[in-house]
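See below for the structure under consideration.
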Amino acid sequence: MLWFDRVIANGVRFGPQCLLLASAIMVTACTVGHLAGEDGNRADDPRNPRPASYKSDITAMLRVYLNDPTQIRDAGVSQPMLQPIGSRDRYVVCLRINAKKSNGEYSGAKEYVAIFAAGRLDQLIEAKQEQCGAAEYQPFPEAQTLTR
């Protein structure tokens with residue numbers, strides 16, 4: 001009789017099946033935190049990579065998002081940075097542009113936040129003051145040369 005092949009008082013045998021079940025429970029317990037996303041706010045989390053082609057993603061979104069994506073002025077973009085979005089940290093890119101309104105007049109410089117999930121552009125929304133207050137903008141000539 002092996003060490004795991006025991007008989008208890010009522011005659012029920014616990015053998016390799018019990019060992020297999022105990023192993024499965026231990027593995028499950030070790031991965032629950034990972035699957036629940038408890039470690040998803042780390043900068044090095046593979047599920048939340050830094051966006052590699054964020055400028056081209058943003059220019060593609062501007063073509064769809066703006067009524068008139070041509071002749072954008074004073075475009076600036078920040079480097080991707082981690083910020084809390086809801087309950088998760090996401091990479092965001094701050095964007096400042098002066099785009100034309102539907103009547104052809106310039107609307108004045110506005111700030112937007114490009115939110116990335118899993119390394120891909122997920123949303124482009126108007127920025128709240130605290131989101132881009134500390135952003136360091138670089139010139140963004142790609143946005144100023146968009147066509148329809």
Side-chain angles (χ1 to χ4, degrees), residues 3-4 6 8 12 14-148:
W3 66 272
F4 56 80
R6 305 274 188 238
I8 59 172
V12 177
F14 290 98
Q17 298 85 359
C18 183
L19 183 62
L20 184 61
L21 179 62
S23 298
I25 290 171
M26 287 189 302
V27 169
T28 302
C30 292
T31 60
V32 165
H34 182 71
L35 293 176
E38 293 171 359
D39 59 345
N41 286 339
R42 298 186 339 244
D44 62 344
D45 183 6
R47 295 171 294 164
N48 190 24
R50 186 178 192 276
S53 58
Y54 65 95
K55 286 185 178 182
S56 61
D57 291 345
I58 291 171
T59 55
M61 178 69 90
L62 287 174
R63 281 190 182 93
V64 176
Y65 188 79
L66 298 173
N67 289 332
D68 184 2
T70 63
Q71 301 177 4
I72 292 173
R73 293 183 180 170
D74 307 321
V77 66
S78 72
Q79 292 288 318
M81 55 192 158
L82 279 174
Q83 283 189 3
I85 304 293
S87 63
R88 306 288 309 249
D89 282 352
R90 296 281 182 222
Y91 277 100
V92 300
V93 174
C94 291
L95 174 68
R96 182 183 296 149
I97 58 171
N98 186 0
K100 285 187 175 183
K101 295 189 269 184
S102 58
N103 65 3
E105 295 178 10
Y106 283 95
S107 62
K110 289 187 179 179
E111 289 184 317
Y112 297 89
V113 175
I115 302 170
F116 290 81
R120 295 177 175 238
L121 181 57
D122 186 53
Q123 295 179 54
L124 183 67
I125 58 173
E126 286 195 38
K128 297 176 186 169
Q129 186 175 5
E130 66 272 7
Q131 288 178 307
C132 294
E136 295 181 20
Y137 289 99
Q138 317 277 316
F140 191 25
E142 298 92 328
Q144 296 178 173
T145 57
L146 284 176
T147 58
R148 287 185 191 235

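All values below were derived from every heavy atom in this structure, side-chain atoms included, with hydrogens, water molecules and symmetry-related copies excluded.
Once rounded to the nearest 0.5 Å, the distance linking CD of E111 with OG of S78 reads 9.5 Å. Remark: R90 CZ to Q123 CD distance equals 10.0 Å, nearest 0.5 Å. Between L121 atom CG and M61 atom CE the span is 4.0 Å, to the nearest 0.5 Å. Here CD of Q71 is found 3.5 Å from NZ of K100. Values are rounded to the nearest 0.5 Å. For the atom pair Q144 CD and N98 CG, the distance stands at 10.0 Å (nearest 0.5 Å). Atom CG of N67 is separated from atom NZ of K101 by 11.5 Å, given to the nearest 0.5 angstrom.
In the displayed structure, E130 atom CD is contacted under 6.0 Å by more than 12 heavy atoms of other residues, nucleotides or ligands. Surrounding CZ of R120 are at most 12 heavy atoms belonging to other residues, nucleotides or ligands under 6.0 Å away. The environment of NZ in K110 is sparse: at most 12 heavy-atom neighbours from other residues, nucleotides or ligands sit within 6.0 Å.
For A118 against N48, the heavy-atom pair with the smallest separation is N-OD1, 4.3 Å. Shortest non-hydrogen contact noted between Y137 and C132 is OH-CB, 3.6 Å. Summarising the geometry of V77 relative to P139, their closest heavy-atom pair is CG1-O, 4.5 Å, with the distance given to 0.1 Å. Looking at every heavy atom in both residues, L66 comes nearest to A99 through CD1-CB, 4.1 Å.
Checked against a 6.0 Å centroid threshold, the rings of Y91 and Y54 do not count as neighbours.
The shortest side-chain heavy-atom distance between R50 and Q79 falls under the 4.5 Å cut-off. In this structure the side chain of V92 never reaches within 4.5 angstrom of the side chain of Q131, judged on heavy atoms. Contact of the D57 side chain with the V93 side chain is not registered, since no non-hydrogen atoms from C-beta on lie closer than 4.5 Å.
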Residue pair I58, Y112: steps toward the side-chain contact (heavy atoms from CB on, under 4.5 Å) verdict: CA-CA 11 Å; I58 291 171; Y112 297 89; over 6 Å; no
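For the side-chain contact (heavy atoms from CB on, under 4.5 Å) criterion with L146, the lone passing option out of D68, I72, T70 is I72.
Judged purely by atom type and a 3.5 angstrom limit, R63 uses its side chain to pair as donor or acceptor with the backbone of T147.
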